[in-house]
Asks: 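Take this structure first; my questions come after.
Remember, predicted model here, so these are calculated numbers, not experimental data.
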Amino acid sequence: MHHADSTPCVDTMRPSPAACLALVLTLIAISSCALGKERVAASPPALANGPSKWVNIDVSSSGRTIRVRAGQDFQAALHRAEPGDTIVLEAGATFRGPFILPRKRAPRNGQGQWITIRPSKGSTPLPPPGVRVSPADAPAMARLETAIGAVVTTAPGAHHYRFIGIEFSAADTPKDAKNPAVLNGLVWLRAQGAHHLPHHFIFERCYLHGDPKLGTRRAIIMNSAVTAVVDSYLSDFKFVGEDSQAIIGWSGPGPYRIENNYLEGAGENIMFGGGDPYIHLLVPSDIEIRRNHFAKPTA
């Protein structure tokens, strides 16, 4: 701006460069002091509480033995079995599902009695308890598979099932299939309200794997109570367009035990939450995760 006489107008309020530098340094010093005080004054974050409930896997079955050979009806055996019984599936045989775990009567003594599903003893033995299985152990297992739905799901309120040395997988898709199915999950423990909550499940030394080409979204959907996955191998869980997990649960209270497993999930290897629970205000709790190998193969 110029006056009429063209004499320059000097802005006497504009600070000099030296004054500007001094002001910046002063502000930096004040900010540093404030941040330092905030760091000192802030209390450390509280540590999370450990589980208050635990899943005991040292259980047994002392009832009848129901043998199911290749070509026979595994679902019929599930309906026949009573708490305490053991269903022995022929090792090396494949049983086509889907299968539903029925709800059984409560034992008279009020104690949980397990129905155990395991393979027969073949020429190749399973590793002992406490040893993680691998795909190389599949010949010692019995295989459950399906091309639709989940391989295994639960009736409302089903409880006390223990799987030992069982292979779960998607059925082979025919090469000429125009619309091949992609499974949402191999095992779905389905919560249907507080009064129909599935509970007490153990998956021990099992091999769960998705379709290597099409993918399978999840291995185990753990909307249940008192559930353990130990010494097992879960691989090839991937899905186009949505996240995928080896293990997920959003509508079960726990406790959960996930120990000494190999776990592949393209989205999250393990995830709890991520969806509205079917039971009002439920939060999955008492989750124990130990000694697992988390893997995301780039292939």
Asks: Just so I know, are the side chains of P119 and E90 near enough to count as touching, which here means a heavy-atom distance under 4.5 Å?
Replies: no

Asks: Can you list, pair by pair, the side-chain donor-acceptor contacts under 3.5 Å of residues 62-71, counting residues two or more places apart and other chains?
Replies:
unit_1 : atom_1 : unit_2 : atom_2 : d
R64    : NE     : D85    : OD2    : 3.1
R64    : NH2    : R80    : O      : 3.0
R64    : NH2    : D85    : OD2    : 2.7

Asks: Sequence neighbours left out, what passes ring pair (Phe, Tyr, Trp, His ring centres under 6.0 Å) with F201? Give chain and number order.
Replies: none

Asks: To the nearest 0.5 Å, how far apart are OG in S244 and CZ in F237?
Replies: 9.5 Å

Asks: Between P139 and A136, which heavy-atom pair has the shortest distance, and what is it?
Replies: CD-O, 3.3 Å

Asks: Kindly write out the residues that satisfy side chain to side chain donor-acceptor pair (under 3.5 Å) with R218, not counting sequence neighbours, or none if the list is empty.
Replies: Q245

Asks: Please collect all side-chain hydrogen bond (donor to acceptor under 3.5 Å, both in side chains) contacts where either partner lies in residues 117-138, sequence neighbours excluded, each pair once.
Replies: R132-N260

Asks: Do F203 and L208 have side chains that approach each other closer than 4.5 Å (heavy atoms only, starting at C-beta)?
Replies: no

Asks: Parallel, tilted or perpendicular: which one describes the rings of H160 and W114, with boundaries at 30° and 60°?
Replies: perpendicular

Asks: Which residues pass the side-chain contact (heavy atoms from CB on, under 4.5 Å) test with D236, not counting sequence neighbours?
Replies: P212, K238

Asks: Could you grab the distance from atom CD1 of I247 to atom CD1 of I270, nearest 0.5 Å is fine?
Replies: 5.0 Å

Asks: Side chains of residues 93-103: which donor-acceptor partners sit under 3.5 Å, not counting sequence neighbours?
Replies:
unit_1 : atom_1 : unit_2 : atom_2 : d
R96    : NE     : E145   : OE2    : 3.1
R96    : NH2    : E145   : OE2    : 3.4

Asks: Taking NZ, NE, NH1 and NH2 as the nitrogens, is one of them in R162 or E204 under 4.0 Å from a carboxylate oxygen of the other?
Replies: yes

Asks: For the side chain of K53 and the backbone of V226, is there at least one donor-acceptor N/O pair under 3.5 Å apart?
Replies: no

Asks: May I ask you to check whether H199 and H159 place their ring centers less than 6.0 Å from one another?
Replies: yes

Asks: Determine, using the 4.5 Å side-chain heavy-atom cutoff (strictly less than), whether I258 and F294 are members of one ILVMFWY cluster.
Replies: yes

Asks: Indicate, with yes or no, if the rings of Y256 and F272 have centres closer together than 6.0 Å.
Replies: yes

Asks: For a quick test of reading the model, state the closest non-hydrogen atom pair linking A81 to I87 and the distance between them.
Replies: CB-CD1, 4.0 Å

Asks: Tell me every residue that passes side chain to side chain donor-acceptor pair (under 3.5 Å) with T116, counting only those two or more places apart in sequence or in another chain.
Replies: S61

Asks: What are the two closest heavy atoms between A225 and P253, and how far apart are they?
Replies: CB-CG, 3.8 Å

Asks: Sequence neighbours left out, what pairs pass salt bridge (charged side-chain N to carboxylate O under 4.0 Å, His left out) with at least one residue falling in residues 242-271?
Replies: R217-E242, R217-D243, R257-E259, E259-R291

Asks: Please find the pair of heavy atoms, one from A158 and one from Y161, that lie closest to each other, and give the distance.
Replies: CB-CE1, 4.3 Å

Asks: Just to verify, which of V283, I221, L282, D276 counts as forming a side chain to side chain contact (heavy atoms under 4.5 Å, CB included) with W250?
Replies: I221

Asks: Determine whether I166 and L89 satisfy the following criterion, side chain to side chain contact (heavy atoms under 4.5 Å, CB included), listing intermediate values before the conclusion.
Replies: CA-CA 9 Å; I166 301 298; L89 303 177; 4.2 Å; yes

Asks: Could you point out which residue of I202, N292, N261, I57 forms a side chain to side chain contact (heavy atoms under 4.5 Å, CB included) with V229?
Replies: N261

Asks: Identify the heavy atoms of Y262 and P297 that sit nearest to each other, and give their distance.
Replies: OH-CG, 4.4 Å

Asks: Answer yes or no: is there a side-chain heavy-atom contact under 4.5 Å between R290 and E288?
Replies: yes

Asks: Out of curiosity, M222 CE to I248 CD1, how far, rounded to the nearest 0.5 Å?
Replies: 10.5 Å

Asks: Are the side chains of T227 and V55 in contact, using a 4.5 Å heavy-atom criterion?
Replies: no

Asks: With side chain to side chain contact (heavy atoms under 4.5 Å, CB included) as the test, would you mind laying out the steps for N223 and L189 before giving the verdict?
Replies: CA-CA 5 Å; N223 291 337; L189 309 177; 5.5 Å; no

Asks: Is it the case that the ring center of H209 lies less than 6.0 angstrom away from the ring center of Y207?
Replies: yes

Asks: Does atom NZ of K296 have more than 12 heavy-atom neighbours from other groups under 6.0 Å away?
Replies: yes

Asks: Not counting sequence neighbours, which residues clear side chain to side chain donor-acceptor pair (under 3.5 Å) with Q72? List them please.
Replies: none

Asks: Enter the distance from L126:CG to I164:CD1 here, rounded to the nearest 0.5 Å.
Replies: 9.0 Å

Asks: My understanding is that only residues two or more places apart in sequence, or in another chain, count here; which of them pass side chain to side chain donor-acceptor pair (under 3.5 Å) with H280?
Replies: none

Asks: Return the CG to CH2 distance between L183 and W188, rounded to the nearest 0.5 Å.
Replies: 11.5 Å

Asks: Does any non-hydrogen side-chain atom of F74 lie less than 4.5 Å from one of L144?
Replies: yes

Asks: Evaluate the criterion side chain to side chain donor-acceptor pair (under 3.5 Å) for residue pair D211 and T216; output intermediate values, then yes/no.
Replies: CA-CA 6 Å; D211 188 297; T216 299; over 6 Å; no

Asks: Taking side-chain contact (heavy atoms from CB on, under 4.5 Å) as the definition, give me every residue that meets it alongside P156, ordered by chain and number, with sequence neighbours left out.
Replies: Q192, H196

Asks: Membership question, hydrophobic clusters at under 4.5 Å side-chain separation (ILVMFWY): are V151 and Y233 in the same one?
Replies: no

Asks: Less than 4.5 Å apart, any side-chain heavy atom of P255 and any of P51?
Replies: no

Asks: Side chain to side chain contact (heavy atoms under 4.5 Å, CB included) between V230 and R205: does it pass, once the steps are laid out?
Replies: CA-CA 6 Å; V230 297; R205 289 173 285 159; over 6 Å; no

Asks: Calculate, to the nearest 0.5 Å, the distance between atoms NE2 and OG belonging to H200 and S224 respectively.
Replies: 10.5 Å

Asks: Who are the side-chain contact (heavy atoms from CB on, under 4.5 Å) partners of P125, not counting sequence neighbours?
Replies: none

Asks: Please report the shortest heavy-atom distance between P198 and A191, naming the atom on each side.
Replies: CD-CA, 3.8 Å

